[in-house]
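Notes for the one structure printed next.
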Amino acid sequence: MTDKVSKADSRRRFKWLRLGLWLLGVPLLLALGSWQLQRAEQKQVWLEQLEQSPATTPEVALQRLEASDWVPVRFDLELMPLKVFLLDNRTHEGKAGYEVVIPVRVDEGPFWLGSLGWVAAPPRRDELPEINLKRQWLLAEAVLSRPLESLTLTGTQFEEGWPRRIQSLDMEQIRSSLALSVEPLVLHLKTAVSDSIMPRAHIYTGIPPLRHTGYALQWFGLALALIIWLVWAGLKERRGRAADV
């Protein structure tokens with residue numbers, strides 16, 4: 001009698017486990033696979049956007065930005081190194097450094113932000129690289145985007161002094177620091193503006209689309225394996241109950 005009760009309890013627990021896997025495990029694995037496919041599609045769209053012919057006027061660039069995340073551009077802009085921001089935690093070939101960001105003006109219009117490239121960090125954290133820039137007009141090749149979202153904590157305060165180390169492109173704090181009206185637009189320059197600043201060779205879009213597709217297939221494969229196991233376990237339990245009758 002005790003063995004039958006114990007076996008019944010074990011089957012009941014196993015049944016609840018299978019039900020939980022059907023209701024939670026399988027949908028979760030399918031959702032992860034679908035998310036990876038969406039990321040693959042997004043990355044492919046980004047790559048296609050970056051391969052487009054450059055916009056040659058700010059007006060055309062802004063129109064294209066309404067439907068795109070990245071817009072290649074090629075037009076005149078004015079470097080306005082009134083104040084220099086150093087975006088922290090940027091690496092190049094394993095070396096720590098900063099992304100140099102300054103206000104720029106396009107076609108004598110409103111101010112945008114210009115990301116000039118990467119500069120190496122000094123050995124000591126309490127030291128900052130020396131940035132020597134002059135106000136100038138130049139024909140620049142760049143990629144236009146909105147400020148990228150940051151994972152830094154809300155309310156992080158900027159440091160004092162110039163050049164100023166920052167953890168994210170917080171537009172409100174940037175406007176306050178510059179005492180200027182700056183549009184939420186960033187030009188990632190490919191054109192070199194200084195020997196000490198390495199311009200951006202390409203826009204890093206993260207994992208390529210094919211790898212996302214590979215991850216999706218892995219998640220779908222795990223979902224399929226789990227479904228097969230659940231069906232097999234259910235049939236085995238049914239045969240076991242029939243044998244006990």
Side-chain angles (χ1 to χ4, degrees), residues 35 38-91 97-118 138 140-158 164-191 193 197-209 212:
W35 176 69
Q38 291 172 2
R39 292 290 290 165
E41 183 180 359
Q42 182 186 46
K43 294 294 182 65
Q44 186 60 43
V45 170
W46 284 358
L47 293 176
E48 291 173 358
Q49 291 173 357
L50 292 170
E51 291 297 323
Q52 292 179 348
S53 58
T56 55
T57 66
E59 293 77 16
V60 172
L62 291 175
Q63 289 176 1
R64 286 169 54 177
L65 189 62
E66 294 179 0
S68 302
D69 295 302
W70 306 97
V71 179
V73 302
R74 187 174 187 271
F75 47 59
D76 291 324
L77 58 85
E78 184 179 13
L79 301 183
M80 306 286 288
L82 313 171
K83 305 286 177 63
V84 176
F85 296 98
L86 298 174
L87 189 55
D88 202 2
N89 298 316
R90 296 298 187 266
T91 60
Y98 300 93
E99 184 177 344
V100 181
V101 179
I102 66 169
V104 298
R105 190 162 59 176
V106 179
D107 197 23
E108 299 186 357
F111 289 96
W112 297 359
L113 291 179
S115 171
L116 307 184
W118 180 87
L138 76 157
E141 291 189 10
V143 176
L144 177 64
S145 74
R146 302 287 181 184
L148 299 180
E149 294 182 0
S150 172
L151 298 179
T152 55
L153 296 176
T154 302
T156 302
Q157 297 297 315
F158 282 7
R164 180 164 297 178
R165 179 164 44 208
I166 60 177
Q167 302 302 317
S168 65
L169 294 180
D170 187 317
M171 294 306 301
E172 290 187 6
Q173 293 195 54
I174 286 175
R175 293 185 185 107
S176 177
S177 299
L178 295 173
L180 292 172
S181 177
V182 183
E183 298 292 324
L185 300 166
V186 183
L187 280 169
H188 306 272
L189 269 68
K190 294 183 177 181
T191 302
V193 299
I197 301 174
M198 182 174 297
R200 188 182 302 271
H202 63 275
I203 297 294
Y204 177 67
T205 58
I207 297 174
H212 280 293

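Everything numeric in this text was worked out from a predicted model, so none of it was measured. What you see below is based on every heavy atom in this structure, not just the backbone, and it leaves out hydrogens, waters and symmetry mates.
- Between the side chain of Ser176 and the backbone N or O of Glu172 there is no donor-acceptor pair closer than 3.5 Å.
- Residues that satisfy the side chain to side chain donor-acceptor pair (under 3.5 Å) test with Ser68, not counting sequence neighbours, are absent from this structure.
- For Arg105 (side chain) and Glu78 (main-chain N/O), no donor-acceptor pair under 3.5 Å exists by modelled atom type.
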Exercise. Going through the distances and angles, do Leu116 and Leu79 end up as a side-chain contact (heavy atoms from CB on, under 4.5 Å)?
Worked result: CA-CA 10 Å; Leu116 307 184; Leu79 301 183; 4.2 Å; yes

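- For Gln52, the side chain to side chain donor-acceptor pair (under 3.5 Å) partners at least two apart in sequence or on another chain are Arg64.
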Show the atom names and distances, to 0.1 Å, of all donor-acceptor pairs under 3.5 Å that link a side chain in residues 81-90 to residues at least two apart or in another chain.
from  : atom 1 : to     : atom 2 : distance (Å)
Asp88 : OD1    : Arg125 : NH1    : 3.3
Asp88 : OD2    : Arg125 : NH1    : 3.2
Asp88 : OD2    : Arg125 : NH2    : 2.5
Asp88 : OD2    : Gln167 : NE2    : 3.1
Asn89 : ND2    : Gln167 : OE1    : 3.4
Arg90 : NE     : Glu99  : OE1    : 3.2
Arg90 : NH1    : Asp88  : O      : 3.0

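- Applying the side-chain contact (heavy atoms from CB on, under 4.5 Å) test to Ala142 and every residue at least two apart in sequence or in another chain returns Val73, Leu187, Leu189.
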For this session: Start with the C-alpha gap between Leu113 and Leu185, add the side-chain angles, then the distance that decides, and say whether side-chain contact (heavy atoms from CB on, under 4.5 Å) holds.
Result: CA-CA 6 Å; Leu113 291 179; Leu185 300 166; over 6 Å; no

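- Scanning all heavy atoms of the two residues, the minimum distance from Pro147 to Pro184 falls at CD-O, 3.1 Å.
- Val60 is not listed as a side-chain neighbour of Thr56, based on a closest heavy-atom distance of 4.5 Å or more.
- Not counting sequence neighbours, Glu59 has no partner by the side chain to side chain donor-acceptor pair (under 3.5 Å) test.
- A pairwise comparison of heavy atoms in Asp69 and Ser145 identifies O-CB, 3.5 Å as the closest pair.
- Trp112 meets the ring-ring contact (aromatic ring centres under 6.0 Å, His included) test with no other residue; sequence neighbours excluded.
- Looking at residues two or more places apart in sequence or on another chain, you find no side-chain contact (heavy atoms from CB on, under 4.5 Å) involving Gln63.
- For Glu141, the salt bridge (Lys or Arg N to Asp or Glu O under 4.0 Å) partners two or more places apart in sequence, or in a different chain, are Arg74.
- In this structure, the separation between CH2 on Trp118 and CD1 on Ile197 is 11.5 Å, given to the nearest 0.5 Å.
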